[in-house]
Amino acid sequence: MASAQFNVDQSHDQAEAKTEQWVESANSTANSSVNKIEDAIQRARESAQQKREQNSGFLHQTGEQMMHMAQGTVDGVKNTLGIGSNKNK
């Protein structure tokens, strides 16, 4: 009878040890997944920021080009009407 109780206790201890291993493995897997997700989120944020900066630069450059073109047009009209700063005296 003592042998049977020893076997039950041993089986119980083994089951507890195996359960602890599974829990630790699950925690490790979950932590790894969380870290990968956090890394992916950070990369996405950085990429989005970079795209915003690129688009902002492009729009700024385009806006400046349009302002220069408009100013050139205004200057051309003024010169044609004789009121521009480039008129001959």
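Every heavy atom of this structure was used, including side-chain atoms; hydrogens, water molecules and symmetry mates were not. By convention here, the first residue in the shown sequence is residue 1.
Between the side chain of S28 and the main chain of E24, no donor-acceptor pair closer than 3.5 Å is present. Between the side chain of T80 and the backbone N or O of G76 there is at least one donor-acceptor pair closer than 3.5 Å. At least one donor-acceptor pair under 3.5 Å links the side chain of S33 to the backbone N or O of T29.
Within the structure, side chain to side chain donor-acceptor pair (under 3.5 Å) pairs that include any residue of residues 62-74 comprise H60-E64, Q71-D75 (at least two apart or interchain).
M67 and M69 sit in two unconnected hydrophobic clusters of ILVMFWY residues. Membership requires side-chain heavy atoms under 4.5 Å apart, directly or through other members.
Rounding to the nearest 0.5 angstrom, the gap separating the CD atom in Q49 from the CD atom in Q54 is 10.5 Å. The structure places CZ of R52 at 13.5 Å from CG of L59, a figure rounded to the nearest 0.5 Å.
Judged by distance alone, the side chains of E46 and Q50 never bring a donor and an acceptor atom under 3.5 Å apart.
Apart from V34 itself, the hydrophobic cluster it occupies contains nothing, where clustering links Ile, Leu, Val, Met, Phe, Trp and Tyr at side-chain heavy-atom distances under 4.5 Å.
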